[in-house]
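Here the structure is laid out as structure tokens; the discussion comes afterwards.
Below, chain A is the first sequence line, B the second, and so on; all start at residue 1. Just so you know, these numbers use all the heavy atoms, side chains as well, and skip hydrogens, waters and symmetry mates.
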Amino acid sequence: MNKQLKDNLITYGIIIAFYAIMQTLSATGSLSSLFKGLLVPVCVYTIMAVSLNLTVGILGELSLGHAGFMCIGAFVSAFFSMCLKNSGMNSIVRFIIAILLGALVSAVFGVLIGIPVLRLRGDYLAIVTLAFGEIIKNIVNVLYIGKDENGMHLSFTDTASLNMSADGEVIVKGPQGITGIPNDSTFTIGIIVLLLTIAIVINFVNSRSGRAVMAIRDNRIAAESVGINISKYKLMAFAISASMAGAAGALYSHNLNNLMAQPKNFGYNMSIMILVYVVLGGIGRIRGSIIAAAILTVLPELLRGFSDYRMLIYSIVLIVMMLFNCAPAALELREKYSLKRLFGKKLKKEEA
Amino acid sequence: MAMLDVTGLGISFGGLRAVDDFSLKIEKGELYGLIGPNGAGKTTVFNLLTGVYKPSDGVIILDGKNITGQKTTQINKEGIARTFQNIRLFKELTVLDNVKVGLHNDYPYSTIAGILRLPSYRKQEAIMKEKAMELLKVFDLDKECDYLASNLPYGKQRKLEIARALATNPKLLLLDEPAAGMNPNETKELMETIRLIRDKFDMTILLIEHDMKLVSGICEELTVLNFGQVLAQGKTSDVLNNPDVIKAYLGDD
């Protein structure tokens, strides 16, 4: 328990140190505007990576539709903020409610999608989640919602069919999405949400429910034989993962003026990008996900100076990280030069 | 009243009658053996008893309660726990956590309490740890409680599986070839462990085994299965001297 506590404190410490450094740098004015603009996205993608790690690493199911849940969170929270934009509500309070609402609605969709999807396993589950992610994005693209004195109007065809009165306002405009979202996302709120996300995941993993989820991952039949309700715990992990993606979506949307559901932000490319963060950081390792997501979000922007060679260098970094984490020789080297060795590894040596 | 009362149990897979008209009665506290040649249907009987398969015919009564056709999870809650022929541990969890998973249903604090670390979480986790350590101590596994289950040596993995099954607080324990792959010394130790479980926890045990030394050493009664049907049933010494059993399973020399 002590070792575990230390491990968790290191994780929190890294994030708080990162926050402190960034705040000092930006206060002294030594942070470029490019870098400043990256701070919130770093938080967003780190939360995405941590939440996907719950599905991939802890639950052990490969989900390729994680960006879909982010999309739901982004649109629900942005819509909420737009509705209350001129109500005179404190912007921080409004934003907190928006994040919670985004998380809640994503969780509901997580349950709805999880019920059929979690009956599948392995590759089939991955394919179906991929499809659901795309479906969410495409539905949002044909969604029109307007508000006037008669209340809400909804349509799936175009603005005209909303039948709005003259002074009504169209909030969600199909492919053009939502425009004029209040820019409530700040680095501080991002870091707070990130810390909360990590705390939830770590506490969940170390509780009875988290153990049940990992037991199902390790051996479904044995888990059943000791009386664990398989579908309940699978669904629970999936929904928690989805809700955190929804919170990340809320941070994401309030960092933009115009929110549109495009392939590049909510498509499968993004889902796979997040999966790359998780895999490179180490499946099931929370701290790894955080570091990998932060580095890989910042890296492409930092490499802009190399123009044409940018993606080349990016891919080399990916390969190096992969080798560092997975190649047997690299692992051996890390083992040799690591200060503290895991208990299990020690046992192996004693046997040998 | 018998702890386990099975009558006319049967299952077919397509045209294959894997188990047919299987009946069994185990008294409380008894050590009962289920033996027979490979493919006789012994593990299928276990799978029927634990709800992995739904029986086509027959009734299973556990401690006066009809549990026929219930789901595995429910049957475990009713009081049957098992181990597996090919060890099925939660490999990436620690030894302690493996047993804690077994205690899952006895300490039902909510997920929210777990995430928020409410007092109910702290209290129940503390009791869980204590209980789990107690169980591990019985099996001499307490020193390895922080190891990953997959890093335990084979014999200890078998023991851990039994400890996990016992953690669910069962009335009836099913052991599927507990001595498989063990050397004579380990088998001897295992025999003592099984006897100890029976005495310490006042447990009723049904076990499948091929090791005749173990079977004749600890089982009080036996059922011999051959081609899905009961070949002989009764006191261990009587059954092992039954000419049919010798012919079908033991072999005469």
Of the backbone (N, CA, C, O) and the side chain (C-beta and beyond), which part of T111(B) lies under 4.5 Å from a heavy atom of chain A, both, or neither? both
Residue pairs, two or more places apart or on separate chains, that pass salt bridge (Lys or Arg N to Asp or Glu O under 4.0 Å) and touch residues 193-211 of chain A: R211(A)-E125(B)
Of G227(A), G210(A), S209(A), the largest count of non-hydrogen pairs under 4.5 angstrom with chain B goes to G227(A)
Centroid separation Y53(B) to F13(B) less than 6.0 Å: yes
L89(B) versus chain A, the contacting section by heavy-atom distance below 4.5 Å: backbone
Side chain / backbone / both / neither for Y109(B) at chain A, heavy atoms under 4.5 Å: both
Check the side chains of T73(B) and N229(A) for a donor-acceptor pair under 3.5 angstrom, ignoring hydrogens and angles. no
If you draw the axis of the six-membered ring of F90(B), does the NZ or CZ of R164(B) fall within 45° of it and under 6.0 Å from the ring centre? yes
Which bit of I221(A) is near chain B, if near means a heavy-atom gap under 4.5 Å: side chain, backbone, both or neither? both
Tell me which of these, P108(B), A81(B), G102(B), S150(B), has more heavy-atom pairs under 4.5 Å with chain A than the rest. P108(B)
When you check the gap from the basic side-chain N to the acidic O, do D7(A) and R287(A) get nearer than 4.0 Å? yes
Assert top hit (heavy-atom pairs under 4.5 Å, partner chain B, pool I216(A), V201(A), I228(A)) equals I228(A)
Between K91(B) and D218(A), is there a side-chain N and carboxylate O pair less than 4.0 Å apart? no
